[in-house]
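Keep in mind that this is a model prediction, so the values were computed, not measured. Note that ligands are numbered from 1 as they come in the structure, with each ligand's atoms numbered from 1 the same way.
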Amino acid sequence: MVLHPDCAALEPFLGTWQGEGRGDYPTIERFAYSETLVIDHVGKPFVSFDQRTKFVDSGLPLHAEYGYIRALGGSSIEFVVAIPSGIAELHAGTVNDGLIELASTSIARTDTAKVVTEVRRRIVVDGDRLHYVLDMAAVDQDLQFHLEAELHRV
Ligand code: HEM
């Protein structure tokens with residue numbers, strides 16, 4: 001499948017990535033997780049983003065999300081992602097030289113979901129290594145660290 005030309009700057013991110021991450025927030029206990037992330041394309045001007053995580057200790061399923069990074073041409077991108085805890089994030093941002101930077105423009109939640117008001121995502125690829133950091137403002141806390149992970153191409 002030929003990559004859509006608008007996705008050219010996203011090409012370094014394509015692949016199946018696995019590794020481990022850590023999470024924290026003032027209102028919860030620190031935790032460690034393992035992750036598989038599949039970033040794929042179908043020749044259209046977006047890539048799919050399929051993330052699955054598990055607790056390192058028990059191997060039980062943890063967070064998952066599925067979304068799309070929409071390529072607008074050049075370095076401009078948008079990101080739309082759904083989370084089973086009842087949250088949907090919309091982001092705008094850029095991709096340049098293996099760096100994706102996203103800031104939420106809107107966060108929708110179901111009636112029973114936790115209140116999340118802002119999310120920032122930064123994803124860096126250097127060859128076969130992918131590192132990301134996610135900051136969020138949620139449950140009355142200011143924007144701050146929630147997650148980071150180091151993944152490798154498999
Ligand atoms: C790798 C992805 C993620 C993992 C492994 C993860 C893991 C966790 C864990 C273990 C907790 C504490 C237990 C719990 O409340 O369920 C938690 C809490 C939370 N996470 Fe995440 N999370 C991830 C991504 C996200 C994202 C993308 C968002 C926001 C859009 C988010 C928002 C929250 C919120 C709002 C809480 C609750 C904080 C509280 O109740 O005080 N998480 N997360």
### Task
Might you work through the side chain to side chain donor-acceptor pair (under 3.5 Å) test for Thr36 and Gln18, ending with a clear yes or no?
CA-CA 5 Å; Thr36 299; Gln18 283 183 334; 3.0 Å; yes

### Task
Output, in order, the C-alpha distance, side-chain angles, deciding distance and verdict of side-chain contact (heavy atoms from CB on, under 4.5 Å) for Asp40 and Asp50.
CA-CA 9 Å; Asp40 202 358; Asp50 184 0; over 6 Å; no

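Taking distance alone, with nitrogen or oxygen atoms compared against 3.5 Å, Thr27 approaches ligand 1 more closely than that limit. Taking only nitrogen or oxygen atoms, main chain and side chain alike, Lys114 reaches within less than 3.5 Å of ligand 1.
Contact record, His91 with Ser104: ND1-N, 3.2 Å, taken as the closest heavy-atom pair. Minimum interatomic distance between Ala149 and Glu35 (heavy atoms only, all atoms of both residues): CB-OE1, 4.1 Å.
A donor-acceptor contact shorter than 3.5 Å is absent between the side chain of Tyr132 and the backbone of Leu151. In this structure, Thr105 contributes its side chain and Leu90 its backbone to a donor-acceptor pair below 3.5 Å. Judged by distance alone, the side chain of Tyr33 and the main-chain N or O of His63 form no donor-acceptor pair under 3.5 Å.
Considering only heavy atoms from C-beta on, Ile83 comes within 4.5 Å of Glu89 through its side chain. Taking the side chain as every heavy atom from C-beta outward, Asp24 and Arg30 approach each other to under 4.5 Å. Put simply, the side chain of Thr27 does not reach to within 4.5 Å of the side chain of Lys114, judged on heavy atoms.
Ligand 1 places these atoms under 4.0 Å from at least one heavy atom of Ile83: 27 (C), 30 (C). If you number the atoms of ligand 1 from 1 as listed, the ones under 4.0 Å from a heavy atom of Leu62 come out as 5 (C), 10 (C). When each atom of ligand 1 is checked for a heavy atom of Ile28 under 4.0 Å away, the hits are 11 (C), 12 (C), 17 (C), 18 (C), 38 (C), 39 (C), 41 (O). Below 4.0 Å from some heavy atom of Arg121 lie the following atoms of ligand 1, by number and element: 27 (C). When each atom of ligand 1 is checked for a heavy atom of Tyr132 under 4.0 Å away, the hits are 1 (C). Using a 4.0 Å cut-off to heavy atoms of Val116, the atoms of ligand 1 that qualify are 35 (C). With ligand atoms numbered from 1 in the order given, ligand 1 contributes 27 (C) to contacts under 4.0 Å with heavy atoms of Glu65. Counting atoms of ligand 1 from 1 in the listed order, those under 4.0 Å from a heavy atom of Leu134 are 27 (C).
Residue contacts with ligand 1, taken as heavy atom pairs separated by less than 4.0 Å, do not involve Ile107 at all.
Counting protein heavy atoms only, atom 30 (C) of ligand 1 is closest to Glu89 OE2, 2.9 Å. The single protein non-hydrogen atom nearest to atom 26 (C) of ligand 1 is His63 CE1, 3.8 Å, given as residue, atom name and distance. The nearest protein atom to atom 36 (C) of ligand 1, hydrogens excluded, is given as Met136 CE, 4.1 Å; this is a heavy-atom distance.
Judged by the shortest distance from any of its heavy atoms, Phe31 lies inside the 4.0 Å radius around the atoms of ligand 1. At least one heavy atom of Gln51 sits less than 4.0 Å from an atom of ligand 1.
Within the 4.0 angstrom cut-off, atom 14 (C) of ligand 1 has no protein heavy-atom neighbours. For atom 34 (C) of ligand 1, the nearest protein heavy atom lies closer than 4.0 Å.
Between Arg122 atom CZ and Leu134 atom CG the span is 13.0 Å, to the nearest 0.5 Å.
Between Tyr68 and Tyr66, the ring planes lie perpendicular to each other; the angle is over 60°, past the 30° to 60° tilted range.
At least one N, O or S atom of His146, from either the backbone or the side chain, sits less than 2.8 Å from atom 21 (Fe) of ligand 1.
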